[in-house]
There are 2 protein chains.
Amino acid sequence: MGIVERKQRQREEVRDGILRAAWALVQEEGWQSLSIRKIADAIEYSVPVIYSHFENKDAILQEFTKEGFRKLNNALDESGAQEKNPAAGLMLMAKAYWHFAFQNKEYYQLMYGLGMPTCEKVRQVPELSKFTDLLHGAVKNLITNSKNAETDSFLKFHTFWSMLHGLVSINMVERTACPDSLHELVLEDAVRGFIKNIQD
Amino acid sequence: MGIVERKQRQREEVRDGILRAAWALVQEEGWQSLSIRKIADAIEYSVPVIYSHFENKDAILQEFTKEGFRKLNNALDESGAQEKNPAAGLMLMAKAYWHFAFQNKEYYQLMYGLGMPTCEKVRQVPELSKFTDLLHGAVKNLITNSKNAETDSFLKFHTFWSMLHGLVSINMVERTACPDSLHELVLEDAVRGFIKNIQD
DNA sequence: TATTAATTATAACAGTGTTAACAAAATCAG
DNA sequence: CTGATTTTGTTAACACTGTTATAATTAATA
């Protein structure tokens, strides 16, 4: 008699319900305000039921992190599938990554650590504008002394800042056995590429 | 009589005490576990005293964010001071940025949004290794079909990933009135630079 | 149908940020 | 120096949070 199978099925239905409810709540109010009690309310079960399906709240979030990487992987897989030129393929991949991030903001934020500072918060830190000036100034300086003095310096500054932050945050996560020297190589390599690209 | 001055002075001492205690707690246990009650305990005052100095917990964190940017600005200021060559100056600046981030990890994490995923958490997501393979593969592909086939593909992959993540996260924060087209320009520009740098 | 096992709920613990209501201390006026 | 007033600080609560021990209910078995 398939009563154990039915039970298994029902268990999985509840599990799916938890994840679906969590996702709905996240879309409404963001990750920050997701709580076990809200999920329990939504699926019309008591709180401990959730703990019989997931060890803790982190385990639920990790489920979405996995799902996020699955989705990203699919997007990347499809992006450069028929493209033969490696350079063009890489560009397509970059764009696929980009579009995934912005079309799946909630996923991306979870995958790379929640609390992204919001626009309003950033604007309340005046020190940031001085920082912006500093970096932007240095980039402008490089552009002025190059062949293509008409290059959009704001665009280049943005690229430069992004590069730096990306290098830092990826390496903060990936602090494996790699020696510091390798990380420094990555930085130098990226900046050299950036400079060369400006100077032509 | 300078009693109002003395009161003002005492008030500021308490305020400083709050910030100092908060900082000490952060260094011991990280931002995540910083609480108003712990600060109150540390300064040997009751909780509401803290609220008479800061509107809420966020205001305290924002104080440190400001301080962080001040420190970063100083580091950047000093970095390329005597360097005349713009390209060399930019490189020095990049390194200064880098070293600030890693020598002031707590500040950097707060400045760019708290929850950076820890190494352990990252390792628990197997999907990440497929993602790694995808991106690494594309980069390898580009390198193989270039003049310098002996280029370190792992290093370049790292650079590429960092660039992408940096672009995304900076633009997620800076979602101002800028049209999407400009953001796409930044991405294309950065990737083109990366490719050109590989192809020589 | 009675007994045992699986399932679900209640209620609590130990935290969190925040604030209203109250007590103590310091200052000022007479 | 005493009494009223303002400032300062504390207690205790509210409304949450994640997590879990205990108890009640329901379902499957003998």
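Throughout, a chain's letter reflects where its sequence line sits, starting with A, and its residues are numbered from 1. Values below: all heavy atoms of this structure, side chains included; hydrogens, waters and symmetry mates excluded.
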- Closest contact, heavy atoms only, B:Ala40 versus B:Ile50: N-CD1, 3.5 Å
- By nearest-heavy-atom nucleotide on DNA chain D, the more 5' of B:Arg11 and B:Val47 is B:Arg11
- Task: Tell me which nucleotide among D:dT19, D:dT17, C:dA20 gets nearest to the side chain of B:Pro48.
- Result: C:dA20
- Query: D:dT19 P sits how many Å from A:Tyr45 OH, rounded?
  - Reply: 21 Å
- Item | Spacing of B:Leu34 atom CG relative to C:dG15 atom C1', expressed in whole Å | 14 Å
- Query: Rounded to the nearest Å, what distance is computed from the NZ atom of residue B:Lys38 to the C1' atom of nucleotide C:dA14?
  - Reply: 12 Å
- Query: Separation of A:Leu61 atom CG from D:dG18 atom C1', in whole Å?
  - Reply: 12 Å
- Task: Using the test ring pair (Phe, Tyr, Trp, His ring centres under 6.0 Å), find all partners of A:Phe54 that sit at least two apart in sequence or belong to another chain.
- Result: none
- Which part of the nucleic acid does A:Ile50 contact within heavy-atom distance under 4.0 Å: base, sugar-phosphate only, or nothing? nothing
- Task: Classify the nucleic acid contact of B:Ser46 as base, sugar-phosphate or nothing, counting any heavy atom under 4.0 Å across all strands shown.
- Result: base
- Decide yes or no, distance alone: a donor-acceptor N/O pair under 3.5 angstrom between the base of C:dG15 and the side-chain of B:Arg37. no
- Query: What's the spacing between A:Asp189 CG and B:Ile198 CD1 if we round to 0.5 Å?
  - Reply: 8.0 Å
- Upstream residue (5' side of DNA chain D) when A:Glu55 and B:His53 are each assigned their closest nucleotide: B:His53
- N-O pairing of A:Glu12 and A:Arg15 below 4.0 Å: no
- Message: What I want to find out is whether A:Arg20 reaches A:Glu13 closely enough, with some N-O distance under 4.0 Å, to be called a salt bridge.
- Response: no
- Item | Closest to the A:Lys57 side chain, choosing from C:dT8, D:dG18, C:dT19 | D:dG18
- Task: May I have the distance from B:Leu25 (atom CG) to C:dG17 (atom C1'), rounded to whole angstrom?
- Result: 16 Å
- Separation of atom CD in B:Gln8 from atom C1' in C:dA26, rounded to whole Å: 17 Å
- Note on the structure: Closest to the side chain of B:Ser35, out of C:dG17, C:dT8, D:dT19, is C:dG17
- Query: Could you give the CD-to-P distance, from B:Glu29 to C:dT16, as a whole number of Å?
  - Reply: 10 Å
- Let me know the distance between CD1 of B:Ile39 and C1' of C:dT16, rounded to the nearest Å. 13 Å
